[in-house]
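Below: the structure, in structure tokens.
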Amino acid sequence: MGSDLVVRARAVAEDRLVSLPRRWAHVQGVAARATGVTLSLGCRSAEEIVAAAWLHDVGYADSVAVSGFHPVDGALFARGERFPELVVSLIAFHTGAEEEATQRGLSTALGEFAAPAAEALDVVTFCDLTTSVDGVLTDAHARIAEILDRYEPGDPVHLAVSASAPRLLASVSRVESRLAAAR
């Protein structure tokens, strides 16, 4: 997908994340997955979803991080870069961000963004959870296990993913059903 929006999102993500090789590999895999999924599903917001896939982890970049909560930091950055509000909200709410915001005491900060449509958010979450840290396809259960392994049990990420895993897997299941129906 080569729209101006997607090309710009990719360039911004690369500029900010290339110094984080594993994160950059993951983002490239998520964006590739999003491109294929949005085409298969005929998503009307495909360009925004793919742009958000490119930018979903930009909040991890040292040059972007402010609060230490990458969805909010990334969304604030994307808003400042004048990306469409749908892109901004998909970044803010991707992959269970509401639960992590609660764990971090940052629900008010997340509340500065409008929640995106569930169908679009499901696609971003699906792509994130079916792409490994190295950018290759993986099973959502394996990806969740990997995240839980990577963070200590008391860490806000570990607590949030533990609490939101059923909802995250439900998002994945909804997209899998939509993909199966589109075949």
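Cation-pi check for R23 over Y60 is met; the charged atom lies under 6.0 angstrom from the ring centroid and within 45 degrees of its normal. Taking the centre and axis of the six-membered ring of F83, the NZ or CZ atom of R8 falls inside the cone set by 45° and 6.0 Å.
Within the model, atoms CZ of F93 and CD of E98 stand 5.0 Å from one another, a figure rounded to the nearest 0.5 Å. Between W24 atom CH2 and D15 atom CG the span is 9.5 Å, to the nearest 0.5 Å. In this structure, L17 CG and R22 CZ are separated by 14.5 Å, a value rounded to the nearest 0.5 Å. For the atom pair D128 CG and T95 OG1, the distance stands at 3.5 Å (nearest 0.5 Å).
Side-chain atoms of S132 come within 3.5 Å of backbone atoms of V136 as a donor-acceptor pair (strictly under, hydrogens ignored). Under a 3.5 Å cut-off, the side chain of S164 and the backbone N or O of R167 do not form any donor-acceptor pair. The main-chain N or O of F77 is never found under 3.5 Å from a side-chain atom of E81 such that the two would form a donor-acceptor pair. When atom types are taken as modelled, the side chain of D73 and the backbone of V64 share no donor-acceptor pair closer than 3.5 angstrom. Side-chain atoms of R143 come within 3.5 Å of backbone N or O of T131 as a donor-acceptor pair. Judged by distance alone, the side chain of H56 and the main-chain N or O of A53 form a donor-acceptor pair under 3.5 Å.
Note on V124: it clusters hydrophobically with L169, by side-chain heavy-atom contacts below 4.5 Å among ILVMFWY residues. Note: the hydrophobic cluster containing L121 also contains V161 (ILVMFWY, side chain heavy atoms under 4.5 Å, direct or indirect links). Grouping the Ile, Leu, Val, Met, Phe, Trp and Tyr side chains by contacts below 4.5 angstrom, directly or via other members, places V30 apart from V37.
Counting only N and O atoms by type, the side chains of S63 and R16 include a donor and acceptor under 3.5 Å apart. A side-chain N or O of H70 and one of D57 form a donor-acceptor pair less than 3.5 Å apart.
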>> Evaluate V66 against L76 for side chain to side chain contact (heavy atoms under 4.5 Å, CB included), listing each step before the verdict.
In response: CA-CA 9 Å; V66 177; L76 286 169; 5.8 Å; no

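Residue pairs that meet the ring-ring contact (aromatic ring centres under 6.0 Å, His included) test with at least one member in residues 125-155, sequence neighbours left out, do not exist here.
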When the side chains of residues 176-183 are checked against the rest of the protein, which donor-acceptor pairs come out under 3.5 Å, sequence neighbours left out?
residue	atom	partner	partner atom	Å
S177	OG	S173	O	3.1
R178	NH1	E119	O	3.4

